[in-house]
Every structure is written in structure tokens, then in C-alpha cells.
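As C-alpha cells, the structure follows; a few thoughts come after it.
Numbers here are sequence positions counted from 1. Excluded from the calculations below are hydrogen atoms, water molecules and symmetry mates; all remaining heavy atoms, backbone and side chain alike, are included.
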Amino acid sequence: MKDFDVIVVGGGHAGIEASLSCARLGHPTLLITQKIEQIGLMSCNPAVGGLAKGHLVKEIDALGGEMAKATDQTGIQFRQLNTGKGPAVRSSRAQVDRQEYRLQMRRTIESQKNLTILEATVENIITDGNQVVGVETNRKDSIQTKTLILAPGTFLNGLIHIGLDHFLAGRMGDPPSIGLSESLKKLGFRMGRLKTGTTPRLDGDTIDFSQLTPQYGDDPPIPFSLATRKIETEQIPCYITYTNSTTHEIIKSGLDRSPLYCGIIKGIGPRYCPSIEDKVVRFPDKKRHQIFLEPEGRNTNEVYPNGVPTSLPLDIQIKMLKSIKGLEEVEIIRPGYAVEYDFVDPTELNPSLETKKIRGLFHAGQINGTSGYEEAAAQGLMTGINASLYIRREEPFILKRSDAYIGVLIDDLVTKGTTEPYRMFTSRAEYRLHLREDNADLRLREKGYELGLVKKEDFLILREKKKAIEKTLSRISEVRINPTEEINGILRQWGSAPLKKDCSLREILKRPEIRFDHLCTFDPSLKEIPVVVQEQAEIQVKYDGYIKRQMEQIARFKRLEEVTFPTEFDFGKVVGLSTEVMEKLKKVKPYSLGQASRISGVTPAAISILMVNLKKQGYL
């Protein structure tokens, strides 16, 4: 087989974004996957987005990634979450047709110029000194490459558990990757073991939906992607039910055969998405746990019961489910299971997601200790971009914590590492009022264009949107209204205080009870402004003071980030640091004072000492 600029291992969400971005940036790319028909397969729930995860998908889209487009094309229900709260924590979520999503991603991969697919298993990483040069596969061939991106999901030494039974697999029905994991160990990477789980899959024809509460999507549905003008497909409802005391007793009766509670599972599971048995044990006072019954697609009866991931024995799974309202006659299509897998300590990575030990080797997704499709796709996109820049001998593309949730995700991983599957939350972002879903394009679209992943016509649309926002803000600042009896009467109708003196529409809009569409009463020309522009103008006006303070914080943050350590800087020779701090700095090897300040245990005093040393050595 011919040589490639990039080889991507794994056809999941990380591998898709990585391979597409490299190919679109002009680099001959090979995607190696164990089963071509499994490209883009959703191993767990059939949904994209959610709290904070929706932010990641919007950012991927703004930079030129694929996940949002595929979601809009295959979605069966769209909802905005946290709409009763401020814009910083609102998120998008969509149920998708699981099989259509997979097929859509496969079509995209197969039609992409510069991208070749190979069905094989990578057994070994070939290096020359500390440089990656190729891979060996189970087909006994060696393929040369300039860069290698590993996105193996849960396949590294994957082990599935159902009750006390366990067997080697990366996912139900798919073999694990043993050789690749051993190859990483031989290269000296620090590795650990994590665990995740999935729910039983149910036959929808055996569920009594008439007993359950339906949950409908938004009308009209709001698309994920900037490229999607309108969602016109019919939406399908989900249904809500709950566990009960009987369910909990059945679960407890099976704990003596639970691999989690018998000590068979060694890997650490996700704290924020625990198994149902873990929830029952950890929260004994909770009388019930909510379950969302999510359809797997339009043309299937398969249902995903979100909320009951489990590795309990099959007989307990059946009894447990049949004790739940609406599921009294339910039949299981596939049992729930837990899967253990190897991961590499993400502090082994640079912020570019290139490994520190081996040049040209990048890691993305669950190999870095993350959970979730969205976290994986974000990392995949970033490794694809940085692998391309590496080949061109250009500086890596690093998103700061103040730039994007993607920046928060990667900085958390490479700075703090993780001992459990990492999941993104809005609370992880210090600058979340700035990092909103609604302004992902304003923050990142230009960067995507400069990288070459966003088309010129899409960039020009962004530029026009920015101009329209500025023009709108200028307009509502200029138009003033007087405290006439008529105007004050209108304000009273809206539950707003009457005017005592003339003021601008911008000042009126600052009032909590006033929305942009209220302003159209005083200036009908504002009705012609696109809704997305109106929304941006309203958010910027209402949160003006908060946003200004956050931008000041970002400016201070930027000053620390700009103080970088030279590659040859020896943290072991810094005088005045405690042994603990020195060891942490030597392990992480931070690229800047800002990153050093975020390492657990590194004190402000230590940062001052580092700054003094940088000055003494002539770096400042």
C-alpha cells in the first residue's frame, strides 16, 4: 500500500473528524477501521448534544467539522435545554436516527477527496527513535506515514461484562485491539484502566406507551449546524418513566452477581453517568430514578432506555425492567453491559494533542480518558488540524480556555489528567458567559476559515452577520423615545416602569422584562432584522456589564498564557520550588505560566518563582 501523510486509527466520532479535517486540508489520509460498516456507529445512546456537549458540537461546526451537519440531516427530535436560564448555560440536544447517522457519516467519508478507507486492525506502531513512521496491521503489511492519530474508543484491551460473565470485545459484537495497547505500553506511555456501560435495548412493540409521559421536541426545531437553514422532518417523541422501590429491591438482589460489586471490574467508571446499580447503592434515600425511553430511529422498534446502564446478570436486567411502569411486558433485544478498556494518561500530551514521547503521534477520544461522542469529535477535529500543521512544519492550533469549550476540555486533560471518564460541563468553563452556544460562530468561524476548513462563502456570511449586529446595536443606541403618556402606557402593559426622561432603545432593552421584539413597537424597521441578529443584540445589551468584566478577566488570563516556557527549560533546576511542585511540573511540562498555574498543587508563590527564573535566564 502507498504511503500517507496521515493515518487515523478508528472510525468513531473522533476518527471521523480527524480524517475528514486532514483530507480537507489537502493531505492524503488513510482511515483504518476494523469494520467499514461500523463507521460513525453510536455505541451508546442515539443522541447528540446536551448540557455543555451542545456547546462542543456548535464549536466543531463553527470550525468546519461534520458532527452538527450529520445531526441535522438524521435528527428525529430537537430540543433546547435550560431555556429558562441565562444564555450561557442553554444547550442544544437532538435525538438522531442511529442507523441513518452511521450511513450519513459513511457516505461523507467515502465521498471525501484525499481520504482512503482500509478495513484492518492495527497491531503495532512503527517508530524511528522518537518519531512515528508507520503502522503494522493484522494483514501483515506495513504502512508508512508522517503522522498517526489514534482514536480507538473503548477497544484497547476491551473487556465486556454481563453479570459474572466476561469476554474480550471493544464493543458488543466487535473484537478488541490487543496489539495496539501492547505497542503503546512498549513505547513507555503511562496507561490506566477505565470503565463505561450501556443500557439494555428494548423492543418498542412490547412497551405500553399509553401509561407514559411523552416528551416532544421544540416547534420549530432549531438546527445544530450553521449550514442548515431549516429542519423540516417530522419529529418523534420520547417517553418518560421511573424506577420504583420494587425495581431497587430487584437490583439489590443481584449485587452478589454484579461484576462492579464483586470486584471483577477494576476500571473506574463515569461519576456523572453511573450504572443503575451504582445509583441505587450510592443514593439509598432516592425513591425513584428517571428513565428516558429514546427511539433508536424512524424505521425500527428498538428503544434505548436512557438512565439504566447496567452490567447486572441478564435475569436481573429482565426482572428490573419489568418492574417499571409501562415496561411490564417488555422484551430485551440486547442486554446492557459494562466495558473496561485501556487509556493513556492525557498529561502525556501537549496541548496540540501530540504525544510528548513520540513526535507525530496524536491521541483523540476515549484513549485520552474522555467519555461522550461530542468530547471525542472535538478532540478528533483538533488532532486532524494539528497533524496537518505538523506536516507543514507550522505552529500548532491551540484553543485557549477563553476561546472555546474545546479549549477547556483539552487544557483540563493535558494539565490535570483524569482518573475517571471525563465529561464536559458548563461549570468547568470559567468564562462561560463569553463561551455561549449562540456565539460559537462569532468566536470560531474566522479561525476555521483561516485554517482552510470553512468555505469563503460561509466566512462572508459570518462577516455580514457581524456587521448586522454592529449596525443593530448602533441603531437602538441612536433611536430615543420620550416619556409621553402613550409610551408610558405601553411600558406599563409590559410590566415595565414608566419613563421619567427620554432614553434610547438600548437603555430600554437593558430592562429584564423587555425583549428585542418589544422595541419594534417604537421602531417598526427593527422587524426586518434577522432573528439571529436580534438575539445577539439583545444578549450583548442585557449582559453588557458582565461580559465586559469577563473580557477583563480574559485579558489578565491572556498575559499569563503568553509567558511561555522554552522547550529546553529544565523545571528540575528551578531553585525555591518544593519537591512536590517540582515533580508535578516535570511530569506535565507546562507550555506556559498559565498552564502551570492550573496544575493541582502549584501555588501562586511557585508561579512567582518560575517567573523570576525565566527573567534570570533571559526569557522574559
- Item | Pair T228-D72, side-chain donor/acceptor within less than 3.5 Å | yes
- With E561 via side-chain contact (heavy atoms from CB on, under 4.5 Å) - residues at least two apart: K400, F557, Y591, S592, R598
- Give the ring-plane orientation class for W494 versus F522, where under 30° counts as parallel, over 60° as perpendicular and anything between as tilted. perpendicular
- Query: Quick one: side-chain hydrogen bond (donor to acceptor under 3.5 Å, both in side chains) partners of T415, sequence neighbours excluded?
  - Reply: D411, Q595
- Message: Could you check whether Q536 and D438, counting side-chain N and O atoms only, form a donor-acceptor pair closer than 3.5 Å?
- Response: yes
- Message: Please enumerate all residues that pass side-chain hydrogen bond (donor to acceptor under 3.5 Å, both in side chains) together with E535, with sequence neighbours excluded.
- Response: none
Taking only distance into account, with no hydrogens and no angle test, what donor-acceptor pairs under 3.5 Å do side-chain atoms of residues 599-609 form with protein atoms, sequence neighbours excluded?
| from | atom 1 | to | atom 2 | distance (Å) |
| --- | --- | --- | --- | --- |
| T603 | OG1 | A606 | N | 3.1 |
| S608 | OG | P604 | O | 3.2 |

- Query: Does any donor atom in the side chain of H434 or R443 lie under 3.5 Å from an acceptor atom in the other side chain?
  - Reply: no
- Message: Taking side-chain hydrogen bond (donor to acceptor under 3.5 Å, both in side chains) as the definition, give me every residue that meets it alongside Q553, ordered by chain and number, with sequence neighbours left out.
- Response: none
- What residues form a side-chain hydrogen bond (donor to acceptor under 3.5 Å, both in side chains) with R511, not counting sequence neighbours? S496
- Task: Over all heavy atoms of both residues, which pair between I222 and F78 is shortest? Give the atoms and the distance, please.
- Result: O-CD2, 3.9 Å
- Item | E234 atom CD, over 12 foreign heavy atoms within 6.0 Å | no
- The salt bridge (Lys or Arg N to Asp or Glu O under 4.0 Å) partners of R271 (sequence neighbours excluded) come to E420
- Task: Given side chain to side chain contact (heavy atoms under 4.5 Å, CB included), test Q77 with Q215 step by step and report yes or no.
- Result: CA-CA 10 Å; Q77 188 193 102; Q215 183 185 70; 4.3 Å; yes
- Query: Taking only residues two or more places apart in sequence or in another chain, which ones pass side-chain contact (heavy atoms from CB on, under 4.5 Å) with D412?
  - Reply: R401, V408, K416, Y422, R428
- Task: Only pairs at least two apart or in different chains count here, so list each side chain to side chain donor-acceptor pair (under 3.5 Å) that has a residue in residues 445-470.
- Result: D441-K465
- salt bridge (Lys or Arg N to Asp or Glu O under 4.0 Å) partners of E375, counting only residues at least two apart: K53
- With sequence neighbours left out, what residues match Y543 under ring-ring contact (aromatic ring centres under 6.0 Å, His included)? none
- Could you verify whether a donor N or O on one side chain and an acceptor N or O on the other, from E478 and S474, lie under 3.5 Å apart? yes
- Hits for salt bridge (Lys or Arg N to Asp or Glu O under 4.0 Å) against R102, two or more places apart or cross-chain, chain-then-number order -> none
- side-chain contact (heavy atoms from CB on, under 4.5 Å) test vs V57 passes for just one of E437, E374, R93, namely E374
- Message: What I want to find out is whether D502 reaches R480 closely enough, with some N-O distance under 4.0 Å, to be called a salt bridge.
- Response: yes
